[in-house]
Structures are given as structure tokens and as C-alpha cells.
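Okay, structure first, notes after.
Below, all heavy atoms of this structure are taken into account, side chains as well, without hydrogens, waters or symmetry copies. So you know, we letter chains A, B, ... as the sequences are listed, proteins then strands, and number each from 1. All values derive from a computational prediction rather than experimental measurement.
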Amino acid sequence: MTGGTRKIGVFICHCGGNISDVVDVNAVREFAAQQDEVVASTDFRFMCSNQGQARLQETIKEKGLDGVVVACCTPKMYEDMFRGSAKEAGMNPYLLEIANVREQCAYAHRHEPEQATEKAKALVAAQVAKVRNLRPLDVKTAPIHDGVAVIGAGIAGIHAALLLGNAGHKVTLIEKSPTIGGNMARFDKTFPTLDCAMCTLSPKMNDVFNHPNVDLMTYAEVKDAVRAPGRFTLTVVQKPRYVTDACIGCNRCTEACPVSGPKSPIKVESEWNLGLSPRKAIYLPFSQALPQQWTLDADHCYYFQRNHTCGICAKVCPADAIDFTQRPEEVQVEVGAVVVATGYRPFDASQIPQYGFGKYADVYHGLQVERLLSSTGPTNGKLLKKDGTPPQSVGIIHCVGSRDEKYRSYCSRVCCMASLKYAHLIRERTGARVYNFYMDMRANGKGYEEFYQRVASEQVGFVRGKPTRVTDQATAPEEEGKLTIVVEDTLAGVVLRVPVDMVVLSTAMDPEDVDGLLASLKLDKSPDGFVKEYHLKINPTETAVKGIFVAGCAQSPKDITDTIAQAGAAAMSASMFLGSGSMTLNPLVAEVNPDLCRACTRCSEVCEFDAVRVDPEALVAIVDETSCEGCGKCTVVCPTGAITVRQFTKTQIAASIDALAPKAVAP
Amino acid sequence: MTAAAVRPFDEMMDELAKAGASSLYLCYQCGLCTSTCPWSEVRDVSVRKMLRQAQLGIGGLEGDDLWLCTTCRACAARCPRGVDIPTVIRAARSFVAAAGAEPDRLKTVRGHLASAQNPWGGKPEERSRWAEGLNVRPFEKGMDVLLFVGCTAAYDPRIRTVARALVRILDAAGVTFGTLGNDEVCDGDPALRIGDGDLFRSLAERNAATFEERGVEHIVAISPHSFEALKHEYPKLGASFEVEHYTQLLARLLDQDRLKLRSDGNVPVTYHDPCYLGRYNGVYEEPRKVLESIPGVRLEEMEPNRADSLCCGGGGGRIFLETPPEERFSNLRIAQAERVGAQVLASACPYCVLNLEDSSKTTAKSPLAVRDVAEYVAERLA
């Protein structure tokens, strides 16, 4: 290519040694200076610093640059910032490209500095070639709808909704179960302070319930979401409660309901008490539930299941609040931002059969023990075995499913402290001997180590080792009628058999099953199954989808302290986004040349984002620029080259490739 | 006394890494291996501690305990960090055996394998004596399967009956098969497990060459140890054929209605999962299906079973070593079989049958017949 038409500047960053310790930046700078149309080539210790950006802007102005290549770290980190600087200096920001010479070069080839330098040169040459072929792009903006939806009304969703409501935003808080409160409402006490969980949660539940800016939808699920510039349209299914808001909360229906009675053929277990108690077909999940509106479970109701033979609830209701004719209703909710706060559920302990969950009556998972310890639980807060007697000894097994390649490889982060809490409460209330079977004790929050000390001082047994099994097969008289935990005490180096009356499994945290929701919101999951955040470290509350934020255990396992912190941060991010009033639309998406388009629909068939459709009248493909992710799949299948992704046209890509590999490298 | 300075044994660490044992460094010392290891039922031995010392290169794998491992994989099946403990053991055994420091009895086994191509010391020209009086033909192309007999079924008088039983079953089902006769050599499993990779290779290559020469495409193995070696180790040397365990073939023949079996009254039978069939290859259901197809058989499950099954104590070269009676896993297994009221304890591995029968004779409180699945089926042929 013969030069003279473009003025391109190349800026090589040392990254304080991250790059320059491996790559010979002087050689790259000199090499860049020799490229056609490059009029400025410079290197600097930190291009991301104020000075670095000032130099970029000065050079743009001095030399009248209309193209820039910054050779630095991944574009994920600073591309937006450098483009912003270029824009301030008067250059079209989309004429700037990053050559990633850190992650894709210096980091990858730490031990081959010479070859790394050659590769850095090639990467710079490729981006210079690309920049030569770039054209300036206009940025479109769209106004942002002022409403925000928070999905999930556990502690994360409640906290985020309250903050957003307090900041003056119109909030729709959507909860799929009949009550708000989430898992935290099931807890008895919270570590490390041993506060009563409901005493701290209940005021927040009431605040959000009564908040003038928060519109609460319970027993409602998001079925679908459609994205448009600055706006999400959520289709929310309001499930029928068969109880109208005339309900006065007198409980007569529940008392009269025959379901789960001793002779009833229809029985159903309480989800709230995790299967530890029966419930009626018409019920309030727990006494402080909000709203205080009863719900009828049609799947376990004689009226619905036995051909309208019952209906006693309607007969005893003094408020005439039972309405068997209700049907699911679809409601459209328009918002500008969404906070995903869908929470966690306990790992299914029966996947590890050797621990006997589901096989032995007195093996429980942690959340069940919360209910057993709670004064509103099935035993009114008395820790009792299934036979109604208090345990003399209890074994608590940590890391059940967590930190285990066979199940969940991540640490669930809360179980060490939760297990200490169970140990304390069980000792305090029953005097039972308690053993904690742990691998590493992780007490890394404020007040946590102190809590560990306190529980240790209460003569709780700690055995460092992962048990191999829980068995009822006795090999000694002391084991008769007990559950024996077999484990290597790795600190003493001996195998122990520990007979106990009750076993508590501190199970891993699994993300709540929200695959459908994530698919309709176009959100990704990280390999552990939790919602993928924009950047694990520096941006854990945003997602790859602009306007969608994530809070609490939906993103990763965390305790209440961290959940509150992240929910606050997510609310702040959402508030800032909404407050900005308008959003810039990413111009690096697909566009169609109508002259070349044959309306063959191949592009719309391969698009995973429903971003392309073919107009049947005009016989041309049309791109929805807000939905398009710029992935380029359509450009590959297009038979005529009519559809291209801006700044990734075939000419631009080919120019890069030619620069990367000027000679044929293989026959 | 002051503690000695840490001096990592670099050669051993390098050898372990080269032999594919690097997963050792993932171990976070939870001790699940120790408490899962069947040895923990009968004596003190800490797998965890061995791994701990090996991680730091300060020993741990050179002592006598190294030769206890039956390679049963119970530990690896559970390890939360994915440490391939049997491979670590195998690599360490190679290192120790290369220095000639393995137990004396295993030196003899290596000698037999090298000179007579079987670990028992039987004469190569007598390998096919087990088939005397039966019309067993040499394998030739066009036959349905090659029956890979294995050394124990060829030479051990107790296990020869298993091979003979299988011949009767295959004949009854109309399966055409042949053997390699005296040209079969040890599958190499014992050499591999006791740390002689070169010896394994020479044996495996010899068999593989014979398979190639005779046009063998489909092999049925009597021993799960042969099955595992043929299925997962031979392909690494470039060999290519289909292989299955005989219980898989029998299950298929029953599906095809090619075997007619007579009732055995109402008999409580329990099945012991061989490690190399179960944990190594996931074959749990076929042997049970074969047993249940014998009219009158009532299958009772011992605890533990399937993936959690207790090793008989015979793998990893242990079949050649002496184990004191109070340390025999097979004794525990007999008690477990008696607990479920079994009158027949069936298994499908020569080592298991040998060990269990020994323990049944010495420790069973009431008569408990130990039978290989093939023997049991042959006995009930209509």
C-alpha cells in the first residue's frame, strides 16, 4: 500500500515492565515508525496514566492523526478509555485500535523475548494495516427508560430495590415465590454477631413492601425479555394465587384445608421448611411472610385435582377472598435497567450417597438445620431427632459438594462460618457434643476469626479431615443405634470412627435454576454456573449486556455481609446508568448493504440474538443494532457479502492478516 | 533433637512427573483417600501422608507401604482434587523397582514374567493344558471372537474351571471362538502394576503382534485385569481391536435368547464387584443381569457395592504377596456376604475368586460357596 493518505500514530506501552521486560519496546517503536502512513511512533511507561493519555491527545492534535494504534494490554481493559481520549482530542474514536501485546504476547511468551518482540511487531503491523482501512463511525444514542426491574426478592434484591427506590427510581421487584425474603428469612441467626435473622431482615422486607417507588410482584416469574435501545420489555407471568387481595389473613382456610391431614391421600411438604413439615394446599409460607396473602397450590388441592369435590376454603373464608377462576396472567413490564438477584439453592446432598442424606433420617443439610433451629420452624426451634428426642452428639461435615472436582470445584465461602454457627447454637440449646469435620477453616471476614475462637472455646470438637462415609453399621457397642462418621484425623494421622446422633451436611451453594431467564436476558454463565459478571475483579456488578446488573449469590456464593455490599454496588451502577438518561449504542455491529442483499434469510437463521430479520416487503435484511453483538456469524454465511460488521469488514480483516503473515507460511 | 533440613529428592520428583504423576501436587491433604482405602479397615496406613511427603520430595513413597496398594481405585474414585493416586503409586513403584528395591517375591514374579511370560512360573508349553479334553480350537479369521484366557485361568488349577466353564457356555450359545493356545503371553497387567513398564511393553507388544498376525478384531477376556490392560493400555501402544469382558458377552447372549438356563431352586446370591471391572470400567450391571437370569437366583446386595465396592485384596501385585489373615479384605467381604444371608458369593475375576474362596474356607460361619459367574452359569446350562 502506498502511503500519504492517512496519518497514523502508534503508542507502545511498557505496562511498567509487564510488557517491556519481555518485548523490546524500542525495536517495536522503530519498526512501527517505518510502517506506511505512520507519522508518529512513541513508547511510554504507562499509556493508561494521565500523562500517557495526555501524550496521546497532544500527538493527535499536533500531527492531525486520523488513526491510532495503542500497543498495550487487552482491549477489554482500556479500549473505551483510549477511544474516549482520542475523541476529546478531536479524532473519531473508532479510528483507534488496540494491539494486545501484553496478554497475547508478553504474558504468553515470557521465556522467548526475541520471538515475543517479533510477534509484537506483527501485531502492531496488523493493527496499523487495519486502521488504514477503517472509516470514521457515528455514534447513535437512545434515551433510557427510567424504570428498573429487580428480579428476585431475597436479601440482595430487597436491598437493591430499596436503594434504587430511595434514589427516586421506579422499581418493579419481581419474586417467583409467594413471599419476599428469600433464603435469609429461613435462617435463625446470622454469623458472626448471632443476630436474629428475621430481626434484621423483617424491617427491610416491610420497607420495600411499603415503599412508594417499589412495585412488588410476588408469585410472578419473568418469562421473556425483549431488548430495544434503552429499554427492556419483560413479560412477567403472574401465577394465580386463587386468593384475592381481599384476604384478611385469618388462617381459617388453612385450618379447614384437608390436604396433608393424617388420612389425606394428597400430601405435600412445606418448601419453606425444606421438606421437614407438611403443609396445606392453601397456606402462608411463614408467619412474617409478605405480602400477608394466602396462596392456593392447585397441584395439591382437592378442588382442582378431584373434580371440584372440595372447596371448603371458600366456604369458611369470611372475606370471600377465594377465587377458583383465576388464571395465569401475562404482564408487560417496561424498564431501562434490570438487576438480577436470583440467589442460590443448596446443593443436592443425595448426590453424595456415602453421606447418607435421604437414607438416614437424621442426616440434614444446613438450610434444614436453620429451620430446625428457628422458632418458626417445624419443631418451634427445638433441635430434635426424627424420633422427637434431642441429640446427644452431632457431627457437622463441611465442604459437602464444595471444593470437590467431582461436584463443585469452587469454595462456597459461607459454610465454614455457618457450620461454626450451627455448632454454637446446637451446643447452646442442647448441650450436645459437637464435632466439626473441616478441611481448611476459612474465617476471613470482619469478626469471623473472633467468632471461630469463641466457638472453639465452647468445647466444640474440630477434626481436620474429609469423612469417607456416614454409616449405621456398628462395629463397636458405642456405635449401636448411632450414625458413625469415618474420617482420617489428618492432624493426628489416625482414622477415627465418630458415632453421633445427628449429622449436618454443610452443602455447597448452587445457583438457583434460572437458565430460562438468563437465556431471555442473553446473559452468560461462568463455568461454575453462576451469572457471568463483566469483570470479575473491577466490575463485578455489571454484565456484558448494557443495562443488566447482577447482585448477590446469583453472581457467586457469598454471605449476607458481602451480598449487601454487592447489592448496594449493583444498585449504584444501575442508578448511574438510568441517571445518564441516554445510552450510546455500540456502532461495531452488523450493517447491510441493501444493493447486495438478496433477502435469502441465512443471516437471520444463524443469528443467536434475533438481531437480524428480513423485511418481506423491501426484501432486504435489517439489523437491530441494540441486539446485535457484532459476533460476525451472519457475515460468514452471507453469500453476497452484503452484511458486514463495522470495522471488521473482509477488507479490514484481510489487511490485518496480510500484515501478520506477509508470506505464505504453509503450502 | 533438631529437625533435619528439607532436602528434596529431585530425581524421584522428576521421575514421578515424567510418569504422569503430577496430579499429586493438587492434593490438599483432606485424608479422604486414607479413610476410603480398604487398608484403613485392617491396619494403620495413611495414603495422605505418603502423598504429603512426596509433594515436598522428602520421601513417603519408598517404604514398605508402597507395596500395599491393590490399585483398587477406591481413593481416586472419591478424591475431591482429582489426584490419580494409583498412577502416583505406579510411578513410585517404577522408580523403586528400577533400583531393585521391591519386595523379593515380586522379583521372582518379574523373573517368571520375563522367562515364562506368566507370573505364576508355569511352563509356556503348558499354557493351554487347561483345555485338555475340550475341543478348543486355535483362533482363525472368521471366528466370532478370540478368547483371551489370561495366566491365572491358564495355570491356576482352581481358576482353570472358569475357563472350561466359559468354553461350555460359548459352545452352548453357538459362539465360534478360538484361543492363541501356547502363543498367548501374559497381558502384562502384573508387570505394569508392580512398576516394570518395560516388561509390560514387551509382553503387550508380543500379544499385539500375534493379534495382528492372526487377524484378531474382537477379544473376550476372562480376567478383568486382562480386560483393562487390553482396553486401555494396549491402544497406547498402537494396537486396535474391540475387547469386552466375558460378562458383557454373556449378558448380550442372554438378551438374544441364546442361553437356556435351569433353575437353581431359591438361592440367595450376592455379587462382588471386581475393581478392574467396576471402578476401572464401569461394568456393574451386566454380571448382575447374568446372575439374575438364572431361574431361582435371588440377588442380594452387600454393603458396600458397585463403585464403593470393597477390594478383594488381589490387585496391584498383591495376589503374589502374603497378607496376614487378620489383614485380608476378603475376610471382611465374607462377613458382608453373610450379613445379607447369601449362600453363594459370585464374582467375575480370577483374583477375587481365589481370595474370596480362601477367606470363605477359613472364616465363613456357615457354608458360603464362592463361584465365578461363568462357573455358575455353566452349571445351570439347560
Side-chain angles (χ1 to χ4, degrees), chain A residues 347 351-356 359-360 395 397-412 415-416 436-442 462-476 479 483-498 506-508, chain B residues 23-53 55 60 65 72-85 279 284 301-311 331-333 335-340:
Chain A
F347 165 82
Q351 288 186 50
I352 309 183
Q354 56 268 30
Y355 287 162
K359 179 178 175 190
Y360 302 127
I397 303 180
H398 295 217
C399 295
V400 175
S402 301
R403 302 185 66 203
D404 191 330
E405 289 297 317
K406 308 267 185 296
Y407 306 100
R408 309 286 180 262
S409 44
Y410 52 85
C411 165
S412 292
C415 337
C416 281
N436 274 57
F437 299 89
Y438 71 103
M439 299 199 289
D440 296 294
M441 189 61 78
R442 294 182 169 174
F462 288 94
V463 178
R464 190 193 174 283
K466 189 176 181 69
T468 181
R469 64 182 175 274
V470 175
T471 177
D472 65 351
Q473 293 196 11
T475 59
E479 295 178 12
L483 295 169
T484 299
I485 298 172
V486 185
V487 63
E488 183 187 12
D489 176 347
T490 61
L491 298 180
V494 291
V495 174
L496 301 179
R497 295 177 63 91
V498 184
S506 283
T507 45
Chain B
S23 64
L24 146 75
Y25 298 104
L26 292 170
C27 171
Y28 58 20
Q29 293 287 297
C30 70
L32 183 60
C33 48
T34 304
S35 54
T36 304
C37 178
W39 283 105
S40 75
E41 308 279 339
V42 293
R43 62 178 279 175
D44 284 338
V45 52
S46 176
V47 186
R48 174 195 57 80
K49 202 170 164 189
M50 291 161 74
L51 295 174
R52 167 83 293 226
Q53 292 177 315
Q55 281 179 322
D65 287 357
C72 77
R73 281 201 87 79
C75 53
R78 290 274 184 84
C79 176
R81 270 295 168 104
V83 180
D84 187 353
I85 300 166
R279 271 188 295 269
Y284 297 113
E301 288 294 346
M302 288 180 280
E303 281 298 328
N305 61 64
R306 294 187 169 81
D308 294 330
S309 181
L310 180 69
C311 173
N331 288 4
L332 303 176
R333 204 58 171 154
Q336 290 164 356
E338 290 186 313
R339 205 170 295 151
V340 296

- Okay, A:Pro353 and chain B: the region with an atom under 4.5 Å from a heavy atom over there is neither

- Answer with side chain, backbone, both or neither: which region of A:Val495 has an atom nearer than 4.5 Å to a non-hydrogen atom of chain B? side chain

Which distance, rounded to the nearest 0.5 Å, do you find between the [atom1] of [X] and the [atom2] of [Y]?
X        : Y        : atom1 : atom2 : result
B:Asp308 : A:Arg469 : CG    : CZ    : 9.0 Å
B:Leu32  : A:Asp404 : CG    : CG    : 8.0 Å
B:Arg52  : A:Thr490 : CZ    : OG1   : 10.5 Å
B:Cys37  : A:Glu488 : SG    : CD    : 10.5 Å

- Message: Is B:Ala77 in contact with chain A via its backbone, its side chain, both, or neither, using a 4.5 Å heavy-atom distance?
- Response: backbone

- Go through the atoms of B:Gln336 and report whether side chain, backbone, both or neither lie under 4.5 Å from a heavy atom of chain A. neither

- Item | Contact check, side chains of A:Met439 and B:Gln29, non-hydrogen atoms, under 4.5 Å | no

- Message: Given A:Thr468, which partner from the list B:Cys75, B:Ser35, B:Ser40 fulfils the side-chain contact (heavy atoms from CB on, under 4.5 Å) test?
- Response: B:Ser35

- Query: Does B:Tyr28 reach the main-chain N or O of A:Arg403 with its side chain, forming a donor-acceptor pair under 3.5 Å?
  - Reply: yes

- Short side-chain to backbone donor-acceptor contact, A:Lys406 and B:Cys79, under 3.5 Å: yes

- Task: Would you please test A:Lys466 and B:Arg78 for side-chain contact (heavy atoms from CB on, under 4.5 Å) and show each step?
- Result: CA-CA 11 Å; A:Lys466 189 176 181 69; B:Arg78 290 274 184 84; over 6 Å; no

- Query: Got more than 12 heavy atoms from elsewhere within 6.0 Å of CG, B:Asp44?
  - Reply: no

